[in-house]
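Counting starts at 1 for both ligands and their atoms, following the listed order. Heavy atoms only: backbone and side chains are in, while hydrogens, waters and symmetry mates are out.
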Amino acid sequence: MSRQKAEGKFLQTLAGTRFPTPPIWLMRQAGRYLPEYRAVRATTKSFLEFCYTPDKAIEVTLQPIRRFGFDAAIIFSDILVVPDALGQKVWFEEGEGPKLEALTDPSQFGRLSRARIADHLAPVYEAIRQTRAALPPETALLGFAGAPFTLACYMIEGSGSKDFAKVKTWAYSHPESFGLLIDLLVEAVVDHLAYQVEAGVNGVQLFDSWAGVLPEEQLFHWSLDPMMRIAKGLRERHPEVPIIAFPRAVGPAMLMYRRPDTFSALSIDTGIGAHWAAKELQPHICLQGNLDPIMLVAGGQAMEREAMRILDKLGHGPFVFNLGHGVVPQTPPDNVAHLVEIVRNWKPGAP
Ligand code: CP3
């Protein structure tokens, strides 16, 4: 299987090349803020069925590339396709987000099986194959997965949560059985990412969206260590693949994730100061981030000032411009076009 060589600004930036202006893509760049997404989305009721229809997933992956010319596309899918493929019941309720038949007891782990991943997620891999062929060679295609802790959050809570009390109570009271679930998810995520690479993605991002609900002493065990085991497992199968880690809302504990031998880049959330990140993280590892998604809703001069501040702090080092979290549905698409212009017209001054 020949993977594309590091072509284009995004992949070359991850490989250490510097350009006058950084590459840009946005988390959740495909989604409800785009009228053309809503039009395709309206043709399928079930969100998972939508994810598993290659023609539709391909189309909505390409939409933001056509409109904004981002340096990377991210395959349209969801982190919850992994619990679905493992055999847990997953569905999406309109206006409410994801629902799962919650795990309440370790005796239920036996129902989850990695053996189904390749078949169940074959439409995702087919969408990747065709999307890679349809993209311009200089546009990278990213695959992704949820990190084990974030997946466990949804699998045990059965939905999103304000405080994640159920999953945390389980992790604190019964670390051995919680560890079994995390181990199963490490293996499942390695499989899912390896299949995505084999189908043609040029890099992957691991979303640990809920890492920040853990106290610092628990972070290594339940967030960082599983992510490192995934990176090791994936690199055994695909030694060259770039891996971006996004442990969201962990604050200065981000220092623990500063591991250039394991991760190609760290995606920083909005709560991380650009000045601190430039000093403490960027000398060691490529960064990605971290405009507040709500700045993209506000637009105008407020957004311009904040984007310039981030560029002036981080644009001199290895850097990929992105948001601190995903694009929200109320974002005016014109503000996204304006942001791309700001980033592409930035003139680096003295660092
Ligand atoms: O453009 C892209 O970024 C690619 C597609 C993508 C989706 N979800 C599509 C989606 C990606 C990378 C994700 C990741 C994801 N999914 C995460 C990690 C990133 C993060 O936001 O922290 C998480 C936690 C999920 C779980 C999930 N999926 C939730 C909580 C929701 C409901 C929230 C919402 O916006 O409705 C989803 C549904 C979902 N996934 C939508 C999209 C575009 C919206 C559903 C729709 O269009 O009907």
Side-chain angles (χ1 to χ4, degrees), residues 25-53 56-65 67-68 70 72-84 90-100 124 127-128 131 140-155 157-162 164 167 189 192-193 196 201 203-213 223 227 244-250 267-271 288-290 293 322-331 333 336:
W25 71 280
L26 304 180
M27 292 188 258
R28 288 282 186 99
Q29 64 192 21
R32 284 170 298 190
Y33 77 107
L34 290 177
E36 61 268 37
Y37 171 89
R38 295 195 298 269
V40 184
R41 179 70 187 88
T43 62
T44 313
K45 198 165 181 323
S46 146
F47 179 69
L48 279 178
E49 192 189 321
F50 181 57
C51 290
Y52 296 149
T53 308
K56 294 180 185 179
I58 295 161
E59 169 58 21
V60 300
T61 302
L62 295 173
Q63 284 172 350
I65 306 304
R67 207 192 243 260
F68 306 115
F70 290 123
I74 182 162
I75 190 65
F76 190 83
S77 179
D78 199 82
I79 64 166
L80 298 176
V81 300
V82 166
D84 184 53
V90 179
W91 69 102
F92 285 78
E93 259 163 45
E94 210 162 320
E96 281 188 53
K99 301 275 179 223
L100 298 86
V124 177
I128 288 170
T131 303
L141 179 60
L142 277 170
F144 69 92
F149 179 71
T150 290
L151 292 175
C153 281
Y154 288 102
M155 293 169 82
E157 298 288 338
S159 65
S161 164
K162 274 203 189 74
F164 291 93
V167 63
V189 168
H192 182 44
L193 293 176
Q196 292 182 64
V201 301
V204 300
Q205 176 151 328
L206 269 173
F207 289 91
D208 215 350
S209 303
W210 299 114
V213 305
S223 167
M227 283 168 100
I244 304 169
F246 180 46
R248 193 171 70 85
V250 301
S267 202
I268 57 174
D269 64 88
T270 303
Q288 172 177 281
N290 75 341
N322 206 312
L323 301 179
H325 200 186
V327 177
V328 296
Q330 67 269 35
T331 304
V336 177

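Closest to atom 24 (C) of ligand 1, if we only count protein heavy atoms, is Y154 OH, 3.3 Å. Here the protein heavy atom with the shortest distance to atom 11 (C) of ligand 1 is F144 CZ, 3.6 Å. Here the heavy atom of the protein found nearest to atom 22 (O) of ligand 1 is S209 OG, 2.5 Å. In this structure, atom 21 (O) of ligand 1 lies nearest to the protein heavy atom H325 NE2, 3.1 Å. Nearest protein neighbour of atom 26 (C) of ligand 1, counting heavy atoms only, is D78 OD2, 3.6 Å. The nearest heavy-atom contact from the protein to atom 1 (O) of ligand 1 is A30 N, 3.1 Å. Of the protein's non-hydrogen atoms, the one nearest atom 6 (C) of ligand 1 is S77 O, 3.4 Å. For atom 10 (C) of ligand 1, the closest non-hydrogen atom on the protein side is F47 CZ, 3.4 Å.
Every atom of ligand 1 is numbered from 1 in the order shown, and the set under 4.0 Å from a heavy atom of F76 is 5 (C), 9 (C), 43 (C). Within ligand 1, counting atoms from 1 as listed, the ones closer than 4.0 Å to a heavy atom of F92 are 28 (N), 37 (C), 38 (C).
For Q63, the side chain to side chain donor-acceptor pair (under 3.5 Å) partners at least two apart in sequence or on another chain are E59. Contacts of S77 classified as side chain to side chain donor-acceptor pair (under 3.5 Å), with partners at least two apart in sequence or in another chain: none.
Which of G97, G143, P98 comes nearest to atom 29 (C) of ligand 1 through a heavy atom is settled by distance: it is P98.
Polar contact check, Y37 against ligand 1: a nitrogen or oxygen pair lies under 3.5 Å apart.
When heavy-atom distances to ligand 1 are checked against a 4.0 Å cut-off, R41 comes that close only through its side chain, counted from C-beta outward. Residue contacts with ligand 1, taken as heavy atom pairs separated by less than 4.0 Å, do not involve F50 at all.
Here Q29 contributes atom CD and R67 contributes atom CZ; the two are 12.5 Å apart, rounded to the nearest 0.5 Å. The distance from the CG atom of D269 to the CE atom of M27 is 8.5 Å, given to the nearest 0.5 Å. Between the CG atom of D208 and the SG atom of C153 there is a distance of 8.0 Å, given to the nearest 0.5 Å.
With a 4.5 Å cut-off on side-chain heavy atoms, V189 and L151 count as touching.
By the 6.0 Å contact criterion, CD on E93 is enclosed, its count of non-hydrogen atoms from other residues, nucleotides or ligands being greater than 12.
Of all heavy-atom pairs between W25 and Q288, the closest is NE1-OE1, 3.0 Å.
Aromatic ring pairs are classed by plane angle as parallel below 30°, tilted from 30° to 60° and perpendicular above 60°; the pair Y37 and F76 is tilted.
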